[in-house]
Amino acid sequence: AGPLGDHARVRLADLAARAGDGRACVRLCRTVLDNGREDPEPVLRLMGRGYELLGRPRTAADCFAGRTPPADPHRDRP
């Protein structure tokens with residue numbers, strides 16, 4: 001997906017977080033970060049919100065500090 005696809009993913013991740021779906025938020029943010037086309041700072045802040053919703057405050061804090069947490073396929077999958 002191109003940049004427009006990533007922008008749409010960021011919007012969907014925001015909507016997921018607002019709806020309380022941390023898992024979808026994190027998954028979408030991870031895809032955007034992996035693609036490397038969007039500014040990572042706002043995506044990481046959004047990802048941090050997703051991890052907060054998942055009850056993972058330490059991982060959320062990493063995101064808020066600008067650090068991309070390692071992927072955890074067992075915990076982050078849909």
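Under the side chain to side chain contact (heavy atoms under 4.5 Å, CB included) criterion, P57 pairs with no residue at all, not counting sequence neighbours. In this view, L33 and P40, V43, L44, M47, T68 satisfy the side chain to side chain contact (heavy atoms under 4.5 Å, CB included) rule, not counting sequence neighbours. Qualifying salt bridge (Lys or Arg N to Asp or Glu O under 4.0 Å) partners for D14, counting only residues two or more places apart in sequence or in other chains: R18, R49. For the side chain to side chain contact (heavy atoms under 4.5 Å, CB included) test, residues two or more places apart in sequence or in another chain that qualify with A60 are Y51, E52, F64. By the side chain to side chain contact (heavy atoms under 4.5 Å, CB included) test, R11 is found to be paired with H7, residues two or more places apart in sequence or in another chain being considered.
When all heavy atoms of V32 and E38 are compared, the closest pair comes out as CG1-CG, 3.6 Å. The shortest non-hydrogen separation linking A13 to C29 is CB-SG, 3.8 Å. Shown here for A16 and A24, the closest heavy-atom pair between the two residues is CB-CB, 3.9 Å. Considering every non-hydrogen atom in both A17 and L53, the closest pair reads O-CD1, 3.4 Å.
At a threshold of 4.5 Å between non-hydrogen side-chain atoms, the residues V26 and R56 do not count as touching.
Here the CG-CG distance, from D6 to D39, works out to 12.5 Å after rounding to the nearest 0.5 Å.
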